[in-house]
Amino acid sequence: MIIGYTSGVYDLFHIGHLNLLKNAKGLCDKLIVGVSVDNLVLYKNKKPVIPFEERIEIVRNIKFVDAAIPQEELDKFKVWEKIKFDVLFVGDDWYKTDSWQEMEEKFKSVNVRVIYFPYTKGTSSTLINETLINLRNNN
């Protein structure tokens with residue numbers, strides 16, 4: 001059985017999130033999804049619109065997701081030490097960055113494949129939130 005893992009904030013759930021989860025599930029037998037706890041989101045100097053408890057419940061109920069767990073730290077290797085996944089799915093904005101090249105080497109040493117998915121063009125939680133703010137301010 002191939003266990004896959006991915007993580008994210010999943011705030012203002014949109015088609016890009018769904019595409020990622022659907023594509024990831026197509027490449028593994030069991031997909032575990034880490035949902036960032038509210039305190040972890042603050043590292044991006046952002047505050048989630050949807051509270052953690054609601055975000056994890058939404059992700060937990062997506063048919064492609066076999067399990068949703070709290071993501072309490074950014075270090076994916078520490079998560080691997082706990083759940084021992086075989087494949088890690090991440091967004092392609094991390095591809096070839098120094099920190100991820102180091103992370104890839106760590107994962108290679110324990111036979112974990114890292115697969116990068118392209119972001120869905122034209123949509124993001126940040127863009128949706130900015131659009132909502134603009135709409136509210138113009139009314």
Side-chain angles (χ1 to χ4, degrees):
M1 173 181 285
I2 297 170
I3 299 171
Y5 178 78
T6 192
S7 63
V9 179
Y10 300 102
D11 199 20
L12 300 174
F13 198 90
H14 55 73
I15 193 69
H17 294 135
L18 191 61
N19 287 341
L20 179 132
L21 298 174
K22 181 180 181 180
N23 292 335
K25 178 61 178 181
L27 296 172
C28 63
D29 300 305
K30 181 176 183 179
L31 179 62
I32 301 171
V33 179
V35 178
S36 300
V37 297
D38 290 342
N39 287 341
L40 189 63
V41 181
L42 297 176
Y43 87 95
K44 291 182 173 180
N45 294 322
K46 295 181 180 182
K47 185 176 186 295
V49 174
I50 309 297
F52 168 75
E53 293 78 17
E54 294 179 25
R55 291 184 285 112
I56 197 166
E57 190 64 20
I58 290 166
V59 172
R60 188 174 279 135
N61 281 282
I62 303 296
K63 71 179 182 179
F64 308 112
V65 175
D66 295 295
I69 61 174
Q71 177 185 235
E72 296 174 333
E73 58 185 292
L74 294 175
D75 188 337
K76 308 283 191 273
F77 200 81
K78 287 183 180 176
V79 176
W80 176 83
E81 291 173 329
K82 292 177 188 171
I83 63 174
K84 303 291 194 235
F85 50 81
D86 303 296
V87 185
L88 174 63
F89 303 103
V90 296
D92 66 0
D93 54 333
W94 295 106
Y95 185 64
K96 296 277 188 198
T97 63
D98 292 339
S99 61
W100 268 93
Q101 288 195 303
E102 283 177 38
M103 190 65 71
E104 273 193 67
E105 288 304 312
K106 262 180 143 174
F107 279 120
K108 199 179 288 181
S109 73
V110 292
N111 296 317
V112 171
R113 277 182 46 212
V114 178
I115 296 177
Y116 295 92
F117 283 140
Y119 274 80
T120 302
K121 288 187 169 88
T123 189
S124 73
S125 295
T126 302
L127 181 62
I128 292 168
N129 200 28
E130 288 170 359
T131 302
L132 289 171
I133 290 168
N134 289 335
L135 284 172
R136 288 183 192 122
N137 289 339
N138 290 327
N139 289 331

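Please read these numbers as outputs of a predicted model, since none were measured by experiment.
Atoms CD and CD1, from Glu57 and Ile62 in turn, are 10.5 Å apart once rounded to the nearest 0.5 Å. Here the CG-OH distance, from Leu88 to Tyr116, works out to 8.0 Å after rounding to the nearest 0.5 Å. To the nearest 0.5 Å, atoms OG (Ser7) and CD (Glu72) are separated by 12.5 Å. Between the NZ atom in Lys82 and the CD1 atom in Ile69 there is a gap of 8.0 Å [rounded to 0.5 Å]. Atom CG in Leu31 sits 11.0 Å away from atom CG in Asn23 (nearest 0.5 Å). Between atom OG of residue Ser36 and atom CG of residue Leu74 there is a gap of 7.5 Å, rounded to the nearest 0.5 Å.
Here the closest non-hydrogen pair linking His17 and Leu12 is CE1-O, 3.9 Å. Contact record, Ile50 with Asp38: O-OD1, 4.4 Å, taken as the closest heavy-atom pair. Scanning all heavy atoms of the two residues, the minimum distance from Val35 to Arg55 falls at CG1-NH1, 3.7 Å. The two residues Phe89 and Cys28 make their nearest non-hydrogen contact at CE1-SG, 4.2 Å.
The aromatic rings of Tyr5 and Phe85 sit parallel, their planes meeting at an angle under 30°, below the 60° perpendicular limit.
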What do the steps show when you test Val41 against Asp11 for side chain to side chain contact (heavy atoms under 4.5 Å, CB included), and what is the final call?
-> CA-CA 10 Å; Val41 181; Asp11 199 20; over 6 Å; no

How far apart are the C-alpha atoms of Lys76 and Phe107, what are their side-chain angles, what is the distance that settles it, and do they pass the side chain to side chain contact (heavy atoms under 4.5 Å, CB included) test?
-> CA-CA 9 Å; Lys76 308 283 191 273; Phe107 279 120; 3.9 Å; yes

Stepwise side chain to side chain contact (heavy atoms under 4.5 Å, CB included) test for Ile115 and Leu27 = CA-CA 10 Å; Ile115 296 177; Leu27 296 172; 4.1 Å; yes

Can Phe77 and Val112 be said to form a side chain to side chain contact (heavy atoms under 4.5 Å, CB included), step by step?
-> CA-CA 10 Å; Phe77 200 81; Val112 171; over 6 Å; no

Evaluate the side chain to side chain donor-acceptor pair (under 3.5 Å) criterion for residues Tyr10 and Gln71: first the C-alpha distance (whole Å), next the side-chain angles of each, then the deciding distance (0.1 Å), finally the verdict.
-> CA-CA 11 Å; Tyr10 300 102; Gln71 177 185 235; over 6 Å; no

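Proximity of Glu105 to Glu102: side-chain heavy atoms (C-beta onward) are nowhere separated by under 4.5 Å. The shortest side-chain heavy-atom distance between Met103 and Asp75 falls under the 4.5 Å cut-off. Between Leu20 and Thr6, some side-chain heavy-atom pair lies under the 4.5 Å cut-off.
Within a 6.0 Å radius of NZ in Lys84, other residues, nucleotides and ligands contribute more than 12 heavy atoms.
Partner Asp66 forms a salt bridge (charged side-chain N to carboxylate O under 4.0 Å, His left out) with one of Arg60, Lys30, Lys25 and no other, that one being Lys25.
Look at Lys78 and Glu81 and you find no salt bridge, because none of the NZ, NE, NH1 or NH2 atoms lies under 4.0 Å from a carboxylate O.
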